[in-house]
Amino acid sequence: DFRTPSTAGGAGGAAAAGGVSTSSAHDHAMEFHRVGVESLLVKVADGILNDLLLVDGEDTDDGVVNDEEGLAKKELLAAAVLTALRVLAVNDEIIQTMVALGVLPIVTKALRLSVTTNDTTTAIDEEESSTRSNLLRKHRLAAGSVGLIRNLCGNDEIKTNLCLGSSTDHQQVSISSTPSALPHLLRAMQLYPTISPIQEHACGTLAAMALRRPSNARAIIDEGGPRLILTAMKRHEENVSVQRQGALAVRNIVSRLMRDLYGSSGDNVASGNTTVEDARSAIRDRFGELGVEDVLRNIAGRHQGSVDEAYAALRDLGYSVTLTKFSAEDLERGSNISNSNSNVVGRTMMFGEKHNSNFRPVYEQSTGLNNAVDEAVSNFGA
């Protein structure tokens, strides 16, 4: 534990906790950040990826290893470095440092390498043995790069650069300039449909990209993002993390585009003869034709870890949906809230919600209480 005695409660985190295991991940990330470990990791990642690019281009000068075993080792090392950068990217200060060191073009390069195949390749489970072996070898690189991109998208400016690409004009080029990573991200979802970490990180990345950024949300729709999100949710029905991130992605994309129809002042900003309702219906139809309602109600909606996100997505899409609150006593009595109404999404009572509908948060003077006290005093006195 890197925490000082003052912040860890005496003799250090683990010792001060009396043997109880507590998480110090954020503290550890900050400690590594203070000693500048990001610089080393970025340099290592850049060097390995440059070697892999040479092999990918069949340029084997300078003794670059191009056998499958050598490639696998390099790709595994690159994936490990990218994963290390991902777990370090815990706040905006560290993310900004990584960007200043040039991590954006590096992670985009890694993602591009992980999805580089012949044009006819469709998915890892639909290819012949040689192509499948190549994809299986690269899937760790894809997971590492998509996971890092997901964390980098915690910064609004950076996520827009990653989604839409930044300028590559020679007069404006900088260490943070990068082409759009969105096509490669969606390609990774297509190539690795059975790899749940890739699908979870990809859905989480799309959710982050769309948050507060209508231009990003439009780009995701135009590139076919909704189909891949819902495909991931259908394929990983029992994976709550995929369901949660998928529902969140749907919600963020739809919510941002719906709000954008009204503008920041709430006015109708739909173009031409298109009304807000027409534009709203068009957005809803893009998702509706892919079976979004069934996925949100019957897959994501039945997991406690994703039901709130499913409800929010259904609500913002304009579907009829309600929340039913129930208690442990209801379950003991055997009441079935989910079958009472097809439009109900059941969930537990959320923290902070009122359990007593008669509770009055504002104090009001009650004469009845004073009278009751006076009566009790008189009775005792008697």
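Remark: the backbone N or O of Asn91 is not paired with any side-chain donor or acceptor of His26 at under 3.5 angstrom. When atom types are taken as modelled, the side chain of Arg302 and the backbone of Arg297 share no donor-acceptor pair closer than 3.5 angstrom. A donor-acceptor distance shorter than 3.5 angstrom exists from the side chain of Ser306 to the backbone of Ala300, with no hydrogens or angles considered. Lys159 contributes a side-chain N or O that, together with a main-chain N or O of Ala208, makes up a donor-acceptor pair within less than 3.5 Å. Of the possible donor and acceptor atoms, none in the side chain of Ser39 sits under 3.5 Å from a partner among the backbone N and O of Gly36. No donor-acceptor pair closer than 3.5 Å links the side chain of Thr108 to the backbone N or O of Pro105. At distances below 3.5 Å, not a single donor-acceptor pair connects side-chain atoms of Gln243 with backbone N or O atoms of Glu238.
To the nearest 0.5 angstrom, Arg112 atom CZ is 11.5 Å from Leu141 atom CG. Here the straight-line distance linking atom CG of Asp156 with atom CG of Asn161 works out to 11.0 Å at 0.5 Å rounding. Rounded to the nearest 0.5 angstrom, Ile195 CD1 and His139 NE2 are separated by 5.0 Å. Put simply, CG on Leu113 and NZ on Lys138 are 6.5 Å apart, with the number rounded to the nearest 0.5 Å. Expressed to the nearest 0.5 Å, how far CE of Met258 lies from CD1 of Ile283 amounts to 4.5 Å. Note that the CG atom of Leu248 and the CD atom of Gln245 stand 5.5 Å from one another [nearest 0.5 Å].
Considering all non-hydrogen atoms of both residues, Arg140 and Ala79 come closest at O-CB, 3.4 Å. What you find for Leu82 and Ala110 is that their closest heavy atoms are CD1-CB, 3.7 Å. Here the closest heavy-atom approach between residue Ala247 and residue Ala313 is recorded as O-CB, 3.8 Å. Contact record, Ala29 with Val87: CB-O, 4.3 Å, taken as the closest heavy-atom pair.
The one candidate from Arg284, Arg251, Arg256 that meets the salt bridge (Lys or Arg N to Asp or Glu O under 4.0 Å) condition with Asp316 is Arg251.
A continuous path of hydrophobic side-chain contacts links Leu88 to Leu101 [ILVMFWY only; heavy atoms under 4.5 Å]. Note on Val242 and Leu296: separate hydrophobic clusters, where clusters join Ile, Leu, Val, Met, Phe, Trp and Tyr whose side-chain heavy atoms are under 4.5 Å apart, directly or indirectly. Under a hydrophobic clustering in which Ile, Leu, Val, Met, Phe, Trp and Tyr are joined whenever their side-chain heavy atoms come within less than 4.5 Å, directly or via other members, Tyr319 and Val295 fall into the same cluster. Under a hydrophobic-cluster definition in which Ile, Leu, Val, Met, Phe, Trp and Tyr are linked whenever side-chain heavy atoms come within less than 4.5 Å, directly or via other members, Leu186 and Leu290 are assigned to the same cluster.
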Task: Leu41/Glu38 under side chain to side chain contact (heavy atoms under 4.5 Å, CB included): CA gap, chis, key distance, verdict - done: CA-CA 5 Å; Leu41 291 174; Glu38 303 100 322; 5.7 Å; no
Task: Verdict with supporting geometry, Leu148 and Leu152, side chain to side chain contact (heavy atoms under 4.5 Å, CB included) - done: CA-CA 6 Å; Leu148 176 55; Leu152 293 175; 4.0 Å; yes
TODO: Applying side chain to side chain contact (heavy atoms under 4.5 Å, CB included), run through Met30 and Ile94 and close with a yes or a no.
DONE: CA-CA 8 Å; Met30 289 303 297; Ile94 297 177; 3.8 Å; yes
Open item on the list: Let's go through Ile229 and Gln199 carefully: what are the C-alpha distance in whole Å and the side-chain angles of both, what is the deciding distance for side chain to side chain contact (heavy atoms under 4.5 Å, CB included) to 0.1 Å, and is it a yes or a no?
Closed with: CA-CA 8 Å; Ile229 293 169; Gln199 299 300 319; over 6 Å; no
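Using modelled atom types, one finds a donor on one side chain and an acceptor on the other under 3.5 Å when comparing His33 with Glu93. Of the N and O atoms on the side chains of His201 and Arg150, at least one donor lies less than 3.5 Å from an acceptor on the other residue.
Arg315 CZ: more than 12 foreign heavy atoms inside a 6.0 Å radius. Other residues, nucleotides and ligands place more than 12 heavy atoms under 6.0 Å from the CD atom of Gln96.
Between Asp308 and Arg244 there is no salt bridge, since no side-chain nitrogen of the basic residue lies less than 4.0 Å from a carboxylate oxygen of the acidic one.
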